[in-house]
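Scroll down for the structure; my scribbles are underneath it.
All values reported here derive from a predicted model rather than from experimental measurement.
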Amino acid sequence: MGKAVYIAEKPSVAQEFAKALKLKTRRQDGYLEGEDVIVTWCVGHLVTMSYPESYDPNLKRWSLGTLPFIPDTFKYEVIPGTAKQFRIVAGILNRPDVDTIYVCTDSGREGEYIYRLVEQEAKVEGKVRKRVWIDSQTEEEILRGIREAKDLKEYDNLSASAYLRAKEDYLMGINFSRLLTLKYGNGIANYLKTRYSVISVGRVMTCVLGMVVRRERQIREFVQTPFYRVTGLFGEDGAAFEGEWRAVKGSRWFESFDLYKDNGFKEKEKAEELIRYLKETDPYIGKVASVEKKKEKKYAPLLFNLAELQNECSRRFKISPDETLRIVQELYEKKLVTYPRTDARVLSSAVAKEIHKNLNGLMKYEAAVPFLQDILAMGSYKGLEKTRYVNDKQITDHYAIVPTGQGMGSLKSLPGLSAQVYDVIVHRFLAIFYPPAVYQKVALTVKIGEESFFSSFKVLTEEGYLKVSGTPAKNDSSEENEKSVDDTFWAAIQSLRKGSTLAVQSLDIKEGKTSPPKRYSSGSLILAMENAGQLIEDEELRSQIKGSGIGTSATRGEILKKLFHNKYLALNKKTQIVTPTLQGEMIYDVVDHSIRSLLNPELTASWEKGLTYVADGEITSEEYMKKLDQFIISRTEGVKGLHNEGQLRACYDKAAAFYKKTGREGKISKRSAKKS
């Protein structure tokens, strides 16, 4: 019987496999070897796609005549910086005494691709190949993954989608970056007074740039509009409350052209006219037209996937998505949390049945103990699989990010920020075992004559999961004009009945102003990418939208990082607010006037969806490549025929008006924006 090889993605992961298997191994150069087992590792990617000049030396020089470049067969090469480890791994995989290979790279598309490239370039044949798929690096999970390892062939579709993703990014990057640089690069360089300008284009990167530039231009073009609301103060001193007038059916102003929406006027004079009209009402009193009472349950939010965690950390700690991923990856490698690069926000039914193990382990985490005692007393962990937090249909590769309950020994050595991120993950996890928070709500309609004023109040009657989340219940007002109130005031409101009369203490005009769209933060931009360009703020609505977004959980942070590195976008590190640079806006204008579809979030998301179809076996690689080739060819030929440089100069001038020159070299920086 021959030896088994376990190949991991990183040396640290290989060490965890060796520990879990309790192997007696000798440390060699680039691997560990025991009596019947070898453990080795990649160091990330060992193999990459070759540049065009590897196909033909003449392709090193950029020329419109050589585009589009679409090879019949793609070439790959060993990365020079990791060539030594490649040779070690290739030698091990091809050893005659090795008969079984356990693929233990990260359980996802990119991890699959890393191994398949190594196997391809090492020309490995005649070995039994098993795929180890795990959700955490705990000993128990590693052993389960090895025990249940499937034949690698079962992951061939996933491998095919990984190859296609790389080919797509390569072909779009090589062709469109060269094409647009040759066509428009000199124009941008001359305008910015730089020596040269390479226009870097990417399937996902360019789309994200478009999202940010469009948002910035919406803010610039926004015209603030004043409007005037009328409010009334009703009741006696100590129990008086405010109501907002609305032009509902029966109102003298119902569907009037004077209105700004149904709760205000475009002109102050019209609001003053309403007040005069109301004061002439006989009798001048408020009459309760309706009292609606209801209970509202608010459930704990779904668990974290990577995008949600990146958004939360951007909001709380003002750190970038890339930094959040680095921290949660570190927590994963220390066995503290489950696999981070996940899109799912729920658990699998299999995990739910064993969830008591996670909870038991967390008893060693002091901050969790009071909540764990509650959960034990309630016994809520027993029926978890019947809740909204468990759904096998919403899981593709991995379930949500949760604490494993293990690795507690490394908690004390965590940097402060990493410990805070871990705490956020733990609290989100523990909240799902608590009942919903319950609010008692009262909605009042008070009339003066036929004109209606509306008020809404609520009190928290059952704390539920808010005990864990730490949400300040007193200020938790999710609906517009809904007020949280104290007990004394609440008793007075509760006593009101339909037909009750109220004194009108005052009628007032409140001036409001329309607000421009908000700029993206690094976190909200990640969420918008996940939802195909839609910034969906509502947590419940996001949970209902299932589909491929722009990029993947594993790549979105890196894409933003590249946009910042290229100086197409700028990041305010204190606020995490993202804005375009002038160069970024100019690149946007170039793409908008040449290959506009690259800026379309829905189209970009559809490419990602296509890769999912390949991974699921619903379409073939050949079908996907045919569409990709057609897209590259048609867009390249289309741009070659354009003569719109003059038109673009006008676009550059328009954008540059919002930036100012600084310093001797004429570098351009952003004007201080009045609107945010």
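Atom OH of Y51 is surrounded by 12 or fewer heavy atoms from other residues, nucleotides or ligands within 6.0 Å. The environment of K270 atom NZ is sparse: at most 12 non-hydrogen atoms of other residues, nucleotides or ligands sit within 6.0 angstrom. Heavy atoms of other residues, nucleotides or ligands lying less than 6.0 angstrom from OH of Y613 number 12 at most. Heavy atoms of other residues, nucleotides or ligands lying less than 6.0 angstrom from NZ of K268 number 12 at most.
In this structure, T181 contributes its side chain and I199 its backbone to a donor-acceptor pair below 3.5 Å. Judged by distance alone, with hydrogens and angles left aside, the side-chain atoms of T338 form a donor-acceptor pair with the main-chain N or O of A400 at under 3.5 Å. Not one N or O on the side chain of R246 forms a donor-acceptor pair closer than 3.5 Å with the backbone of D262. Here the side chain of K183 pairs no donor or acceptor atom with the backbone of S594 at under 3.5 angstrom. N644 contributes a side-chain N or O that, together with a main-chain N or O of H593, makes up a donor-acceptor pair within less than 3.5 Å. Looking only at distances, a side-chain donor or acceptor of N391 sits under 3.5 Å from a matching main-chain atom of K393. Remark: the backbone N or O of L603 is paired with a side-chain donor or acceptor of N600 at under 3.5 angstrom. Y568 places a side-chain N or O within donor-acceptor distance of the main-chain N or O of S200, the cut-off being under 3.5 Å.
Looking at V424 and V421, their side chains never come closer than 4.5 Å, going by heavy atoms from C-beta outward. In this structure, the side chains of D616 and N157 stay at 4.5 Å or more apart for every pair of heavy atoms. No side-chain heavy atom of I577 sits less than 4.5 Å from a side-chain heavy atom of Y520. A 4.5 Å side-chain heavy-atom check between Q329 and R326 finds every atom pair outside the cut-off. The side-chain heavy atoms of L303 and I425, taken from C-beta on, include no pair separated by under 4.5 Å.
Residues F265 and Y228 place their aromatic rings such that the two centres sit no closer than 6.0 Å.
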Worked check of salt bridge (Lys or Arg N to Asp or Glu O under 4.0 Å) between E585 and R220: CA-CA 13 Å; E585 291 205 45; R220 283 180 199 152; 2.3 Å; yes
Test side chain to side chain contact (heavy atoms under 4.5 Å, CB included) applied to S50 and F74, step by step: CA-CA 8 Å; S50 300; F74 286 84; over 6 Å; no
Worked verdict on Y113 versus D106 for side-chain hydrogen bond (donor to acceptor under 3.5 Å, both in side chains): CA-CA 10 Å; Y113 186 55; D106 275 3; over 6 Å; no
Step-by-step ring pair (Phe, Tyr, Trp, His ring centres under 6.0 Å) determination, Y339 to Y332: CA-CA 6 Å; Y339 190 72; Y332 168 68; 5.5 Å; yes
Worked check of side chain to side chain contact (heavy atoms under 4.5 Å, CB included) between L306 and D343: CA-CA 6 Å; L306 183 58; D343 291 316; over 6 Å; no
Full working for side-chain hydrogen bond (donor to acceptor under 3.5 Å, both in side chains) between S521 and S524: CA-CA 5 Å; S521 69; S524 67; 3.2 Å; yes
Full working for side chain to side chain contact (heavy atoms under 4.5 Å, CB included) between L67 and F176: CA-CA 9 Å; L67 298 176; F176 295 155; over 6 Å; no
Derivation and outcome, ring pair (Phe, Tyr, Trp, His ring centres under 6.0 Å), residues F69 and Y55: CA-CA 10 Å; F69 168 69; Y55 296 81; 5.2 Å; yes
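Partners of K561 under the salt bridge (charged side-chain N to carboxylate O under 4.0 Å, His left out) rule, at least two apart in sequence or in another chain, are D322. Every residue meeting the salt bridge (charged side-chain N to carboxylate O under 4.0 Å, His left out) condition with E110, not counting sequence neighbours, appears here in chain and number order: R165. The salt bridge (charged side-chain N to carboxylate O under 4.0 Å, His left out) test applied to K654 returns no partner, not counting sequence neighbours. The side chain to side chain donor-acceptor pair (under 3.5 Å) search around S314 returns S522, not counting sequence neighbours. Residues meeting the salt bridge (charged side-chain N to carboxylate O under 4.0 Å, His left out) test with E312, sequence neighbours left out: R315, R316. With sequence neighbours excluded, the residues satisfying side chain to side chain donor-acceptor pair (under 3.5 Å) with D589 are R217.
Taken to the nearest 0.5 Å, the OH atom of Y659 stands 11.0 Å off from the CD atom of Q583. In this structure, OG1 on T324 lies 9.0 Å from CD1 on I526, to the nearest 0.5 angstrom. Taken from CG in D629 to CG in L171, the straight-line distance is 7.0 Å, to the nearest 0.5 Å. Interatomic distance, CG of L599 versus CD1 of I587, reported as 11.5 Å (0.5 Å rounding).
In this model, no donor atom of one side chain and acceptor atom of the other lie less than 3.5 Å apart for Y399 and Q394. A donor and an acceptor atom, one from each side chain of N311 and E530, are nowhere located under 3.5 Å apart. No hydrogens or angles considered: nothing links the side chains of T555 and E558 as a donor-acceptor pair under 3.5 Å. Defined by atom type and a distance below 3.5 Å, a donor-acceptor pair is present between the side-chain atoms of H398 and D135. Side-chain atoms of Y196 and N186 form no donor-acceptor pair, as typed in the model, at a separation below 3.5 Å. Side-chain contact annotation: T194 with S197, donor-acceptor N/O pair under 3.5 Å absent. Side-chain contact of Y624 with E168: a donor-acceptor pair under 3.5 Å is present, judged by distance alone. Neither side chain, T579 nor E216, offers a donor N or O lying under 3.5 Å from an acceptor on the other.
One finds no salt bridge joining E112 and R109 here, because no Lys/Arg side-chain nitrogen approaches an Asp/Glu carboxylate oxygen to under 4.0 Å. At a threshold of 4.0 Å, the pair E608-R556 does not count as salt-bridged, since none of the basic side-chain nitrogens sits closer than that to a carboxylate oxygen. Ion pairing of E244 with R229 is present here, as a side-chain N (NZ or NE/NH1/NH2) and a carboxylate O approach within less than 4.0 Å.
Under the 30°/60° scheme for interplanar angles, the aromatic rings of W253 and W245 are found to stand perpendicular. Ring geometry for F227 against Y260 counts as parallel: the plane angle stays under 30°, on a 0 to 90° scale with 60° as the upper cut.
Across all their heavy atoms, M529 and V204 have their closest contact at CE-CG1, 4.2 Å.
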